[in-house]
Amino acid sequence: MSSDFDAIVIGAGPAGATVAIRLAEAGWTVAIVEKRGYPRRKVCGECIAATNLPLLDALGVGEAFRDIAGPELRRVGLYVGEHMIAAPLPPLDSGPHRWGRALGREHLDTLLLNRAAALGAQVWQPWTVKHEQRDGALHACDLVRTGGGETVRLRAPVLIRAHGSWEPEPDAQASTRAPHRGGDLLAFKGTYRDASIQPGLLPVLAFSGGYGGMVLGDHGQTTIAFCIRRDALRAQRADSPRHTAALAALDHLQSHCKGVRDALAGATQADDWLAAGPIQPGIHAPWRADGSFAVGNLAGEAHPILGEGISMAIQSAWLLCDRLLDHGAGSFARRASPAQLERIGRDYERRWRGQFASRIRMAAVCAHLAMRPRAAGVLLPILQKAPGLLTLCARAAGKVRKAPNSPVEHFTDPIQTGVKR
Ligand SMILES: Cc1cc2nc3c(=O)[nH]c(=O)nc-3n(C[C@H](O)[C@H](O)[C@H](O)COP(=O)(O)OP(=O)(O)OC[C@H]3O[C@@H](n4cnc5c(N)ncnc54)[C@H](O)[C@@H]3O)c2cc1C
């Protein structure tokens, strides 16, 4: 296999696979490196907002997505304490597919990565990028076969980091990891068969010390995914010391949320609970001083209360590819000077902030309200009287935008004056 490429992409979640598809389709030589074997499950609520559906079509996986995804998500809910409120989810203004749907990450990520491979991207899997350095004008990545000793070096002028934000970076030293804090948010996901949840309803779960969501996804399975503060989990584990962390967290959630208790009363666990975290909400660095680009969670991460992370992963990758492809085919990467790449990086970062910063801030506000029972207590009577406010919140959270002709326009690039493809 060749070891020199136009671009190396680290990580094959939705962000990395989107980059690999678009660059490979435009004729770039692309290596995409993923440490885990696929299909792999992942902590995620797995709701894919309607704004992504045209993008999935443009990426060549829309039909396969629709074949297996769960029912259209037409209602949003709020489950807090003993209360359950629901309201319509707004649809996209136009287009054949106007509501989002849920699909397990073992399916979505595999579909996207297979598509990248079919377009010629070279997939290194399961390989882990352990170390990176500059080699003249090139980025050099040292890979180790996951679980084995084999190593290889790949080089490219363009390096795109899409390795998420929940695991240590390549080259990270154990000593540089942040110490545990009570406010850290740990994330869990479980899947159930025969849960009592209305098809097409997407309830947000608000409880003391955490928040989450629940949805009927593919193959009739219900996904529950939530975040809980480390101190709330610690207190719960002290009460139920024989439980795993995931089951203690679920106990805490159920004791604070009747909607979840009811939904799981006759359900059977379909798979092992998964855990991840602490998650790292906030704006990170879409463009880095070492001359690399970041997409997806690594560029910036919204609290997952609004379920916009996959959207931001795919859409940030789209935004970056637009910037890179504006300059031409793969041969551009080979002749681009570091100064040119830096200009593209700074432009991408500016547009990234225009596009996503407000979503990140809005998600932070919602997350902090949801985790505080007193705030939820104040808001609850208002929402009970006017459940339509939930619809407005979903709209404000970027769940739908005007749906014009080009897939690029499904998310607004505030700086872009003319849409190019
Ligand atoms: C509880 C919870 C619920 C959520 N619910 C939703 C939801 O309903 N809807 C939604 O849109 N979003 C949701 N999200 C957010 C969503 O999961 C993330 O935003 C999304 O996965 C980010 O995609 P990504 O491609 O940036 O990174 P990831 O999906 O994390 O992919 C990164 C990939 O990089 C690989 N990798 C890491 N390091 C290396 C390395 N050194 N070498 C090679 N490969 C590497 C990893 O194995 C991984 O496959 C939720 C998150 C949480 C925590």
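First listed ligand is number 1; within each ligand, the first listed atom is number 1. Numbers here are sequence positions counted from 1. Since the structure is predicted, the reported quantities are computational estimates derived from the model, not experimental observations.
- Taking any N or O of Cys47, backbone or side chain, at least one lies under 3.5 Å from an N or O belonging to ligand 1.
- Neither the backbone nor the side chain of Val215 comes within 4.0 Å of ligand 1, counting heavy atoms alone.
- Contact annotation: for Lys42 versus ligand 1, heavy atoms closer than 4.0 Å belong to the side chain alone.
- For atom 44 (N) of ligand 1, the closest non-hydrogen atom on the protein side is Lys35 N, 3.2 Å.
- The heavy atom nearest to atom 17 (O) of ligand 1, out of those in Gly212, Cys44, Ala15, Ser165, is found in Cys44.
- Ranked by closest heavy atom to atom 4 (C) of ligand 1, the top entry among Ala317, Gly45, Pro170 is Gly45.
- Salt-bridge annotation for Glu82 and Lys258: absent, with no side-chain N of the basic residue lying under 4.0 Å from a carboxylate O of the acidic one.
- Note on Arg229 versus Asp231: salt bridge recorded, some NZ/NE/NH1/NH2 to OD/OE distance being below 4.0 Å.
- Contact annotation: for Trp124 versus ligand 1, there are no heavy atoms closer than 4.0 Å.
- Taking a cutoff of 4.0 Å between a charged side-chain nitrogen and a carboxylate oxygen, Asp142 and Lys130 do not qualify as a salt bridge.
- For ligand 1, the atoms lying closer than 4.0 Å to a non-hydrogen atom of Trp127 are 43 (C).
- Remark: Trp287 pairs with Phe293 by the ring pair (Phe, Tyr, Trp, His ring centres under 6.0 Å) rule, at least two apart or across chains.
- Between atom 48 (C) of ligand 1 and the options Arg36, Glu34, Glu132, Arg105, the minimum heavy-atom separation is to Glu34.
- A salt bridge links Lys35 to Glu167: one of the charged nitrogens lies within less than 4.0 Å of a carboxylate oxygen.
- Using a cut-off of 4.0 Å between Lys/Arg side-chain N and Asp/Glu carboxylate O, Asp322 and Arg22 are scored as salt-bridged.
- Summarising the contacts of atom 41 (N) of ligand 1 with Val129, Ile310, Thr18, the nearest heavy atom is found in Val129.
- Contact atoms of ligand 1 toward Asn297: 18 (C), 19 (O), 22 (C), 26 (O) (distance under 4.0 Å to a heavy atom of the residue).
- The single protein non-hydrogen atom nearest to atom 27 (O) of ligand 1 is Gly164 CA, 3.8 Å, given as residue, atom name and distance.
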Report, one line per pair, each donor and acceptor closer than 3.5 Å where one atom sits in a side chain of residues 189-201; sequence neighbours left out.
residue: Lys189; atom: NZ; partner: Lys42; partner atom: O; Å: 3.0
residue: Lys189; atom: NZ; partner: Glu46; partner atom: OE2; Å: 2.4
residue: Tyr192; atom: OH; partner: Trp273; partner atom: NE1; Å: 3.1

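- When only modelled atom types and interatomic distance are considered, Gln315 and Trp352 share no side-chain donor-acceptor pair under 3.5 Å.
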